[in-house]
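Okay, so here's the structure we're looking at.
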Amino acid sequence: MSIMEFISEIIDYGFVQKALFTSVMVGIICGIVGCFIVLRGLALMGDAISHAVLPGVAISFLLDINFFYGAVAAGILTALGIGYVNQNSRIKSDSSIGIVFTAFLALGVLLIRYAHSGVNLDSILFGSLTSVQTSDMWMTLIVGAIVLLVVVLFYKELLISTFDPTMAAAYGLPTKLIHYMLMILLTLVTVASMQTVGVVLVVALLITPASTAYLLTNRLWVMLILSAAFGVISSLAGLYFSFAYDLDSGAVIVLTSFLLFAFIFFFSPKQGVLWRAIRSKRKRNAAN
């Protein structure tokens with residue numbers, strides 16, 4: 001399928017338009033929230049919550065309710081549980097994450113077998129842009145509006161608490177509240193991304209575009225824009241190739257995101273491995 005044929009399908013078919021809108025929104029919100037996850041060193045937490053929503057999804061299907069509610073509840077419980085174990089014991093943060101999220105994941109695995117009747121959970125686990133419903137599109141829009149509103153309203157607080165938590169606490173900022181606010185946003189973004197990349201791969205869309213942007217700038221607002229742009233590019237590539245070649249959208253999105261990272265990793269002007277090697281060689285030649 002050519003690009004022009006793909007554009008023609010977008011114009012002619014409503015379900016393709018829904019997939020396009022949803023994929024763009026998912027790329028934006030994952031890119032934005034991912035920046036704070038990367039800068040705060042919470043990549044493992046992102047992985048934990050993305051997998052820990054499984055029991056909530058399975059319970060939602062068993063109760064015949066929208067999976068959004070069960071998944072969000074499971075994600076928030078996971079974040080609270082990890083924080084509680086970490087703050088009330090000698091267990092370190094990474095161990096707390098491993099203990100709580102694996103318990104939720106194991107529960108999800110047990111419940112999935114009972115939720116399989118009449119329900120295809122593969123799209124939840126691995127994503128499927130071709131099956132995006134109107135409800136999924138609106139849910140993504142609402143989550144996107146919440147994420148953008150929170151980041152705009154609390155940008156300074158997020159900036160200070162992300163780069164200097166000690167100074168943020170000295171200024172009287174509620175650092176714990178900000179942390180849990182980010183965990184709630186992370187949970188919402190994870191759930192909104194299920195239909196696009198699935199819970200198994202969503203952490204890649206959270207981490208990789210943000211990490212790619214981090215190689216290009218030291219300014220948070222620039223990083224947010226670049227990360228959102230990389231997320232959108234990856235999501236659109238997943239949409240195109242899933243329609244054109246009947247490929248899994250989640251896998252294509254993750255691979256596109258990785259290829260963008262690899263290109264910037266080697267060729268970015270300041271942080272690229274290739275240019276650093278060239279500059280180092282020039283310095284050695286000048287010294288000789």
Side-chain angles (χ1 to χ4, degrees), residues 26-54 71 74-83 85-87 91-105 125-127 147 150-151 158-159 161-165 175-176 178-194 196-218 220 223-224 226-231 234-235 250-251 253-262 264-265 268 271:
V26 165
I28 292 173
I29 60 179
C30 282
I32 290 174
V33 174
C35 288
F36 297 105
I37 301 303
V38 167
L39 292 173
R40 288 169 173 260
L42 296 174
L44 184 57
M45 177 68 86
D47 188 36
I49 291 180
S50 67
H51 287 75
V53 300
L54 279 179
I76 293 175
L77 283 174
T78 301
L80 293 175
I82 291 170
V85 172
N86 186 39
Q87 294 168 15
I91 306 299
K92 294 184 178 180
S93 178
D94 56 345
S95 298
S96 301
I97 292 172
I99 292 169
V100 176
F101 115 75
T102 51
F104 272 76
L105 179 61
L125 294 173
F126 305 106
V147 169
V150 169
V151 171
L158 289 167
L159 174 65
S161 62
T162 296
F163 286 100
D164 197 338
T175 54
K176 287 186 179 180
I178 292 173
H179 171 79
Y180 284 113
M181 179 181 69
L182 274 175
M183 293 304 99
I184 292 173
L185 291 181
L186 174 60
T187 302
L188 291 174
V189 169
T190 298
V191 176
S193 305
M194 282 182 182
T196 307
V197 290
V199 297
V200 175
L201 300 174
V202 66
V203 68
L205 195 56
L206 282 164
I207 303 304
T208 312
S211 299
T212 306
Y214 190 44
L215 293 176
L216 294 172
T217 182
N218 292 322
L220 178 59
M223 182 180 174
L224 291 171
L226 288 175
S227 180
F230 291 140
S234 301
S235 296
I253 289 171
V254 172
L255 287 175
T256 303
S257 183
F258 172 77
L259 290 175
L260 288 171
F261 172 80
I264 299 299
F265 178 78
S268 66
Q271 301 294 331

The reported gap from CG in L206 to CG in L42 (rounded to nearest 0.5 angstrom) is 11.5 Å
Mind checking whether S161 and R40 have side chains closer than 4.5 Å, heavy atoms only? yes
Next item on the list: Check whether any side-chain N or O of S211 sits under 3.5 Å from a backbone N or O of I207 as a donor-acceptor pair, and report yes or no.
Entry: yes
- Item | L205 side chain near V254 side chain, heavy-atom distance below 4.5 Å | no
Exercise for review: For the pair T256 (side chain) and S234 (backbone), establish whether a donor and an acceptor sit closer than 3.5 Å, ignoring hydrogens and angles.
Suggested key: no
Taken to the nearest 0.5 Å, the spacing of L255 CG from T208 OG1 works out to 10.0 Å
The reported gap from CG in L159 to CG in L224 (rounded to nearest 0.5 angstrom) is 9.5 Å
Are the side chains of I99 and I82 in touch, meaning some heavy atoms are under 4.5 Å apart?
no
Quiz item: Heavy-atom distance under 4.5 Å between the side chains of N218 and M223, does that happen here?
Solution: no
Decide if atom OH of Y214 counts as having more than 12 heavy atoms of other residues, nucleotides or ligands within a radius under 6.0 Å.
-> no
Closest non-hydrogen atoms of A192 and I29, given as atom of the first, atom of the second and distance, are CB-CD1, 4.1 Å
_Taking the side chain as everything from C-beta on, heavy atoms only, tell me whether L158 gets closer than 4.5 Å to F36._
yes
Closest non-hydrogen contact found for V191 with A71 is CG2-CB, 3.5 Å
Kindly indicate whether the side chain of M183, heavy atoms from C-beta on, has any atom under 4.5 Å from the side chain of I49.
yes
With sequence neighbours left out, the residues meeting ring pair (Phe, Tyr, Trp, His ring centres under 6.0 Å) with F101 are none
Sequence neighbours excluded, the answer for ring pair (Phe, Tyr, Trp, His ring centres under 6.0 Å) partners of F265 is F261
In this structure, CD1 of I37 is separated from CE of M45 (nearest 0.5 Å) by 8.5 Å
May I ask you to test the T212-L226 pair for a side-chain heavy-atom distance under 4.5 Å? no
Between T78 and A52, the two heavy atoms sitting closest are OG1-CB, 3.1 Å
Side chain proximity check, L220 to L39, heavy atoms < 4.5 angstrom: yes
Rounding to 0.5 Å, atoms OG1 (T187) and OH (Y180) come to a distance of 12.0 Å
**OP:** Measure from the side-chain N and O atoms of T102 to the backbone N and O of G98, and report whether any donor-acceptor pair falls under 3.5 Å.
**Re:** yes
